[in-house]
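Remarks on the structure that follows.
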Protein chains: 2
Amino acid sequence: MNVTEMKRPRGRPSVFDHEEALDKALLVFWTRGYEGASMAELTDALGINRPSIYAAFGNKEALFRKVMRKYLSGPVSYVSEAFQQPTAKQAVEMLLIKSAEFLGNPDHPKGCMLVQGALTCGQGAELIQQELAGFRKGYENALTKRLEFAQSHHDFPKEINPAEFAKYIATVHQGMSVQATSGATKEELLAVVSLVLKNWPR
Amino acid sequence: MNVTEMKRPRGRPSVFDHEEALDKALLVFWTRGYEGASMAELTDALGINRPSIYAAFGNKEALFRKVMRKYLSGPVSYVSEAFQQPTAKQAVEMLLIKSAEFLGNPDHPKGCMLVQGALTCGQGAELIQQELAGFRKGYENALTKRLEFAQSHHDFPKEINPAEFAKYIATVHQGMSVQATSGATKEELLAVVSLVLKNWPR
DNA sequence: CTATTTATTTACCGTTCGGTATTTAATACT
DNA sequence: AGTATTAAATACCGAACGGTAAATAAATAG
């Protein structure tokens with residue numbers, strides 16, 4: 001049985017593709033941040049009327065969370081991929097190089113939405129702000145685990161505290177995002193990464 | 001002639017100190033960002049009525065710029081101070097150590113207002129966003145100049161591109177700001193700085 | 001052909017936004 | 001004492017905000 005000939009649902013069919021709409025919403029949230037993106041601008045970008053957005057995704061907060069999920073599992077999926085590299089150095093290398101290429105890519109908004117989505121915010125968006133900080137902390141913790149694993153396999157110097165080194169790499173990573181948002185190019189970011197990797201601890 | 005017995009101005013005297021008011025406004029903009037800070041919240045924090053703010057400082061944008069000037073010449077004046085250290089290494093060392101202590105200081109909002117004031121923004125605040133990016137770029141350029149000077153005095157390896165190294169330091173610096181905003185402590189930031197300084201090029 | 005279901009469209013809601021006109025109070029000058 | 005000057009306080013403005021009720025259109029099920 002072919003999926004393309006599935007029985008169509010009961011009522012009036014949606015005139016827009018939900019996944020495509022989320023992609024369009026991503027571009028707005030990415031450039032504007034959670035609060036900077038107004039429902040009016042989102043409505044324009046999605047090309048559908050406002051009640052349709054609410055019917056399909058819930059309110060602004062719910063829409064943002066759905067967009068976030070797409071963002072994490074899509075554009076930045078290279079992060080968890082990097083952690084699976086055979087050595088710790090290769091893992092960090094891939095993480096930073098792919099990040100430089102991603103953050104400075106002119107084909108989509110510059111910088112990382114996890115950083116610029118809601119670094120600060122007005123009253124009422126603190127929850128989103130905390131959630132984004134939580135995702136960032138999550139990546140940092142995953143990197144710590146990766147380095148602890150490497151350390152236990154003699155792949156990372158035992159003199160270095162994995163949590164501290166992970167925070168150092170995360171700091172560079174987030175700094176690269178700020179740089180990209182302010183206009184840094186892929187090449188400039190790669191030069192930064194090169195300086196970081198040049199001094200890999202041994 | 002004593003300044004304390006200066007002739008008082010003509011009309012009804014101001015009931016609030018303008019500089020103190022700017023300090024209070026700074027705390028709001030620092031935590032909320034330019035757009036996240038509402039005039040209502042600013043009014044509450046300053047303890048004066050809204051028309052008084054407009055009469056004293058102009059509109060929200062003008063108020064923010066006056067606050068910015070105080071911020072640059074006050075809390076973060078250590079940056080230009082650091083550049084005057086005798087050697088390049090001492091300059092960067094002081095820059096990063098003082099930054100760690102400043103960004104993680106729990107006595108005022110965490111992070112740097114130059115970074116979190118308007119990393120992203122809605123329509124209408126792009127000018128402020130660009131101005132903040134300009135200030136960040138200004139610091140980076142000043143650091144580049146400092147390293148070029150050091151290079152010409154055999155105080156910095158001639159194999160390293162000063163602009164690239166300055167961007168690396170600026171990237172770490174801005175990353176530290178993001179980390180601080182998300183809750184990183186002074187001690188954690190100092191550990192990051194220690195890792196950066198451990199690999200000073202020679 | 002009718003009923004049911006679902007989506008789109010239009011028009012609108014109350015709240016908050018940044019900003020101000022107007023009135024009232026406090027001081028100095030004459 | 002009266003007037004000019006300056007600031008504070010009250011009350012308000014239009015616009016933009018996120019969000020929704022009600023009506024209409026397009027499909028399936030019987």
Side-chain angles (χ1 to χ4, degrees), chain A residues 5-22 24-25 28-29 32-67 117-118 120-129, chain B residues 5-22 24-25 28-29 32-67 117-118 120-129:
Chain A
E5 42 187 70
M6 272 170 50
K7 211 164 53 172
R8 307 174 78 180
R10 200 81 184 308
R12 177 173 177 170
S14 251
V15 79
F16 68 98
D17 184 278
H18 285 214
E19 297 305 313
E20 280 178 24
L22 287 177
K24 289 173 185 168
V28 179
F29 280 126
R32 296 285 184 195
Y34 172 67
E35 283 186 314
S38 72
M39 287 306 297
E41 197 176 354
L42 286 163
T43 298
D44 284 354
L46 270 58
I48 57 182
N49 291 306
R50 206 168 331 179
S52 296
I53 299 183
Y54 280 84
F57 308 109
N59 62 9
K60 188 184 181 183
E61 212 173 299
L63 172 61
F64 183 77
R65 289 205 179 90
K66 289 192 171 73
V67 164
T120 60
C121 64
Q123 293 152 322
E126 288 101 341
L127 193 56
I128 295 291
Q129 184 187 26
Chain B
E5 42 187 67
M6 272 169 50
K7 215 164 49 169
R8 305 173 77 179
R10 200 86 185 304
R12 176 174 177 172
S14 248
V15 78
F16 68 97
D17 183 278
H18 285 213
E19 296 306 313
E20 280 178 24
L22 287 176
K24 289 173 184 168
V28 179
F29 279 126
R32 295 285 184 197
Y34 172 67
E35 283 188 313
S38 72
M39 287 307 297
E41 197 176 355
L42 285 163
T43 297
D44 284 354
L46 269 57
I48 57 182
N49 290 305
R50 204 166 335 175
S52 297
I53 299 183
Y54 279 85
F57 308 108
N59 62 9
K60 188 184 181 185
E61 213 173 297
L63 172 62
F64 183 76
R65 290 205 179 91
K66 289 192 171 73
V67 164
T120 60
C121 63
Q123 293 152 321
E126 288 100 340
L127 192 55
I128 295 290
Q129 184 188 27

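Heavy atoms only: backbone and side chains are in, while hydrogens, waters and symmetry mates are out. Chain letters run A, B, ... following the sequence lines, proteins first, then strands; residues in each count from 1. As the structure is a prediction and not an experimental result, all values here were calculated from the model.
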side-chain contact (heavy atoms from CB on, under 4.5 Å) involving B:E126 - partner list, sequence neighbours excluded: A:R32, B:C121, B:Q123, B:Q129, B:Q130
Whichever of A:N59 and B:P9 has its nearest DNA chain D nucleotide further upstream toward 5': B:P9
Contact summary for B:L63 and B:A25, nearest pair of heavy atoms: CD1-CB, 4.4 Å
Residues within residues 44-52 of chain B bordering DNA chain C, heavy-atom distance below 4.0 Å: B:R50, B:P51
Heavy-atom closest contact (B:A56 atom, B:H18 atom, distance): CB-CE1, 3.5 Å
Worked verdict on B:F57 versus B:L22 for side-chain contact (heavy atoms from CB on, under 4.5 Å): CA-CA 9 Å; B:F57 308 108; B:L22 287 176; 3.7 Å; yes
Sugar-phosphate, base or nothing in reach of B:A37, heavy atoms under 4.0 Å: sugar-phosphate
With B:Y54 via ring-ring contact (aromatic ring centres under 6.0 Å, His included) - residues at least two apart: none
Minimum-distance pair of heavy atoms, taken over all atoms of A:T120 and B:G33: OG1-CA, 3.5 Å
A:N49 side-chain N/O to A:P51 backbone N/O, donor-acceptor pair under 3.5 Å: no
Quiz item: cation-pi between B:K60 and B:F29, 6.0 Å / 45°: no
For chain B, the stretch of DNA chain C it reaches, first to last nucleotide, under 4.0 Å of its heavy atoms: C:dC17 to C:dC29
Under 3.5 Å: donor-acceptor pair, side chain of A:E35, backbone of A:G122: yes
From CA spacing to verdict: side-chain contact (heavy atoms from CB on, under 4.5 Å), A:F16, A:L46: CA-CA 9 Å; A:F16 68 98; A:L46 270 58; 5.9 Å; no
Shortest non-hydrogen contact from A:I48 toward A:T43: O-CG2, 3.0 Å
Angle between terminal axes - the helix from C:dC1-D:dG30 to C:dT30-D:dA1, 5 pairs each end, rounded to 10°: 10°
Residues A:I128, A:R65; criterion side-chain contact (heavy atoms from CB on, under 4.5 Å); working and verdict: CA-CA 9 Å; A:I128 295 291; A:R65 289 205 179 90; 4.2 Å; yes
Closest-nucleotide ordering on DNA chain D, the 5'-leading residue of B:A55 and B:Q123: B:A55
Between CE on residue B:M39 and CG on residue B:N59, distance to nearest 0.5 Å: 8.5 Å
For chain B, the stretch of DNA chain D it reaches, first to last nucleotide, under 4.0 Å of its heavy atoms: D:dT5 to D:dT10
